[in-house]
Amino acid sequence: TFVLTDLEGKQRFGFCRLSVGYRTCICILSYLPWFEVFYKRINNIADRLAKDQLSDLEELLTSLYRHPVPQLNSAVSLEFLSYFIAPDTGGLPTKIGRA
């Protein structure tokens, strides 16, 4: 994980994983600090690469690209992905239910 900060102080978060079988680094850049959500997506992408499910992967990436950014705390369900709640885009993530 890394953070890029532009001259105006706006942060962009990077989420990466090495896909050994394809000798490729999978990386997602986003202005949204949705760490858990993006790591789950990266793992899903890496699994599809490892299983050589390239047509499924293309469909998954197209679906993600076309999906609008969900509203705060709204449920999101995509055909290829598990259900998740959109985190707060206004702050860094916190663990729910922990003091």
Report whether L18 and L29 are members of the same hydrophobic cluster (ILVMFWY, side-chain heavy atoms less than 4.5 Å apart, transitive linking).
->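 No: no chain of side-chain contacts under 4.5 Å links L18 to L29.
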
Just verifying a value: how many Å separate [X] [atom1] and [Y] [atom2], rounded to the nearest 0.5 Å?
| X | Y | atom1 | atom2 | result |
| --- | --- | --- | --- | --- |
| E59 | Q53 | CD | CD | 11.5 Å |
| I28 | C16 | CD1 | SG | 9.0 Å |
| R66 | L61 | CZ | CG | 11.5 Å |

Derivation of the side-chain contact (heavy atoms from CB on, under 4.5 Å) call for L60 and R48 = CA-CA 10 Å; L60 165 69; R48 290 175 191 271; 3.8 Å; yes

Could you check whether any side-chain heavy atom of [X] comes within less than 4.5 Å of a side-chain heavy atom of [Y], counting everything from C-beta outward?
| X | Y | answer |
| --- | --- | --- |
| L32 | V37 | no |
| Y31 | K10 | yes |
| L49 | I26 | yes |
| V3 | R12 | no |
| L54 | D52 | yes |

E58, CD: over 12 other non-hydrogen atoms inside 6.0 angstrom =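 No - once you tally the heavy atoms of other residues, nucleotides and ligands closer than 6.0 Å, there are 12 at most.
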
Residues, nucleotides or ligands: over 12 heavy atoms within 6.0 Å of Y65 OH =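 It does not: Y65 OH has 12 such atoms or fewer within range.
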
Distance flag, aromatic centroids of F2 and F13, threshold under 6.0 Å =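 Between F13 and F2, the centre distance exceeds or equals 6.0 Å.
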
Any donor-acceptor pair under 3.5 Å linking the side chain of N43 with the backbone of Y39?
->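 Judged by distance alone, yes, a pair lies under 3.5 Å.
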
F38 vs F15 aromatic rings, parallel, tilted or perpendicular, using cut-offs 30° and 60°?
->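 Plane angle between 30° and 60°, so tilted.
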
